[in-house]
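What follows is one structure encoded as structure tokens, with my remarks underneath.
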Amino acid sequence: MNSLIGDLFRAVWSLPFLCAVILQLIILQYGGFDSELYRMSVPLVCTFPFSCAWLDESRSGFTRLALHRTSVFWYITGKYTSCAVSGGFCEALAAVLFCKLKQNDVPENLPLIFSCAAFWAGIAALLAAASKSKYSAYGGAFVICYFLVILHERYWKACQYLDPFEWLLPQKTWLFGQDGVMLMLCGMTILTGLLYACILERRISRG
């Protein structure tokens with residue numbers, strides 16, 4: 001548990017987190033919530049705070065030291081949870097600050113912004129664990145998002161579940177409305193976390 005709390009603190013109270021918030025504020029200032037630039041930037045910016053935390057610790061040898069003070073379960077849980085929470089929080093914080101600067105009300109889809117960014121940050125962490133590459137982590141979520149957008153627009157326009165833009169700001173009718181989108185995003189985030197845990201546990205067991 002202490003490992004989880006420590007990772008959450010390090011993920012949020014960090015320079016990459018601050019840079020992510022500032023960068024997203026600049027993007028929002030330029031295009032606003034409805035712009036394609038903003039929607040495409042979310043899967044990229046949210047990966048900055050903590051997506052490569054395990055990779056950095058593994059390469060520096062800190063993972064072995066950390067496992068002497070905590071269990072494998074809490075170590076993996078701390079890394080994934082902190083990545084998802086910091087990714088979602090940086091996007092939500094940027095959205096709130098932008099609205100305050102513009103003297104607008106906080107957007108109604110703020111929970112979706114958090115959930116969507118948390119999912120993409122989790123995907124980045126999964127890619128980092130699977131490939132052991134920072135390039136895959138930081139760029140992979142963006143590539144997957146872009147691929148889904150193309151897949152939706154060119155081949156399956158009727159399938160709104162494939163459209164990452166729809167996850168951020170739903171325009172079509174969803175089962176249970178916005179709550180339905182939230183349930184889908186939370187389910188995908190949990191599934192991603194389970195895959196991440198399986199991969200990372202094998203990495204750790206092999207040393």
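Just so you know, these numbers use all the heavy atoms, side chains as well, and skip hydrogens, waters and symmetry mates.
Evaluation of the side-chain hydrogen bond (donor to acceptor under 3.5 Å, both in side chains) test over residues 77-91, restricted to residues two or more places apart or in two chains, returns Asp7-Lys79, Gln24-Glu91, Glu57-Lys79. Sorted by first then second residue, the salt bridge (Lys or Arg N to Asp or Glu O under 4.0 Å) pairs that include residues 122-137, not counting sequence neighbours, are Asp56-Lys134. Sorted by first then second residue, the side-chain hydrogen bond (donor to acceptor under 3.5 Å, both in side chains) pairs that include residues 102-117, not counting sequence neighbours, number zero. Within the structure, salt bridge (Lys or Arg N to Asp or Glu O under 4.0 Å) pairs that include any residue of residues 169-189 do not occur (at least two apart or interchain).
Tyr138 is linked by a ring pair (Phe, Tyr, Trp, His ring centres under 6.0 Å) to nothing, counting only residues two or more places apart in sequence or in another chain. Residues that satisfy the side chain to side chain contact (heavy atoms under 4.5 Å, CB included) test with Leu37, not counting sequence neighbours, are Ile27, Tyr30, Ser35. The ring pair (Phe, Tyr, Trp, His ring centres under 6.0 Å) test applied to Phe142 returns no partner, not counting sequence neighbours. Applying the side chain to side chain contact (heavy atoms under 4.5 Å, CB included) test to Ile22 and every residue at least two apart in sequence or in another chain returns Leu18, Ile26. Under the ring pair (Phe, Tyr, Trp, His ring centres under 6.0 Å) criterion, Phe73 pairs with no residue, sequence neighbours left out. The ring pair (Phe, Tyr, Trp, His ring centres under 6.0 Å) check on Phe17 picks up Phe89, with sequence neighbours excluded. Remark: Gln160 pairs with no residue by the side-chain hydrogen bond (donor to acceptor under 3.5 Å, both in side chains) rule, at least two apart or across chains.
Contact of the Phe165 side chain with the Gln171 side chain is not registered, since no non-hydrogen atoms from C-beta on lie closer than 4.5 Å. Counting heavy atoms from C-beta on, the side chains of Pro49 and Cys83 never come closer than 4.5 Å. Two residues are said to be in side-chain contact when any heavy atoms from C-beta on lie closer than 4.5 Å; Leu112 and Trp167 fail this criterion.
Leu15 and Val12 are members of different hydrophobic clusters when ILVMFWY side chains are connected at heavy-atom separations under 4.5 Å. Cluster annotation: Leu169 is not connected to Val149 through the hydrophobic network of ILVMFWY side chains, with a link wherever side-chain heavy atoms come within less than 4.5 Å. Note on Tyr161 and Met182: same hydrophobic cluster, where clusters join Ile, Leu, Val, Met, Phe, Trp and Tyr whose side-chain heavy atoms are under 4.5 Å apart, directly or indirectly. Following chains of ILVMFWY side-chain contacts shorter than 4.5 Å, one can reach Phe119 starting from Leu127, so the two form part of one hydrophobic cluster.
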_For a side-chain contact (heavy atoms from CB on, under 4.5 Å) check, start with the C-alpha distance between Cys90 and Phe48, then their side-chain angles and the critical distance, and finish with the verdict._
CA-CA 9 Å; Cys90 75; Phe48 291 173; over 6 Å; no
*Step by step, would you call Val181 with Glu166 a side-chain contact (heavy atoms from CB on, under 4.5 Å)?*
CA-CA 9 Å; Val181 189; Glu166 184 74 11; over 6 Å; no
*Just do the side-chain contact (heavy atoms from CB on, under 4.5 Å) check on Ile144 and Trp120 with the steps written out, would you?*
CA-CA 9 Å; Ile144 293 172; Trp120 288 122; 3.9 Å; yes
*Can you check side-chain contact (heavy atoms from CB on, under 4.5 Å) on Ile113 and Tyr38, steps first, answer last?*
CA-CA 11 Å; Ile113 293 174; Tyr38 168 68; 3.7 Å; yes
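In this structure, Ile204 and Tyr75 approach most closely via the heavy-atom pair CD1-CD2, 3.9 Å. Nearest approach of Ala121 to Ser51, heavy atoms of both residues: O-OG, 3.7 Å. For the residue pair Phe50 and Arg10, the shortest heavy atom distance occurs at CZ-NH2, 3.8 Å. Heavy atoms only, all atoms of each residue included: Pro43 and Thr47 are closest at O-CG2, 3.3 Å. Shown here for Val85 and Phe114, the closest heavy-atom pair between the two residues is O-CE1, 3.8 Å.
Expressed to the nearest 0.5 Å, how far OG1 of Thr192 lies from CD1 of Ile123 amounts to 4.0 Å. Rounding to the nearest 0.5 angstrom, the gap separating the CZ atom in Arg203 from the CG atom in Leu55 is 9.0 Å. Atom CG of Leu168 sits about 8.0 Å away from atom SG of Cys145, to the nearest 0.5 Å. Atoms CE and CG, from Met188 and Leu185 in turn, are 4.5 Å apart once rounded to the nearest 0.5 Å. From Leu162, atom CG reaches atom CG of Leu151 across 5.5 Å, with rounding to the nearest 0.5 Å. The CG atom of Asp163 lies 4.0 Å from the NE2 atom of His152; values are rounded to the nearest 0.5 Å.
Grouped with Phe9 in one hydrophobic cluster are Trp13, the linkage being side-chain heavy-atom contacts under 4.5 Å among Ile, Leu, Val, Met, Phe, Trp and Tyr residues.
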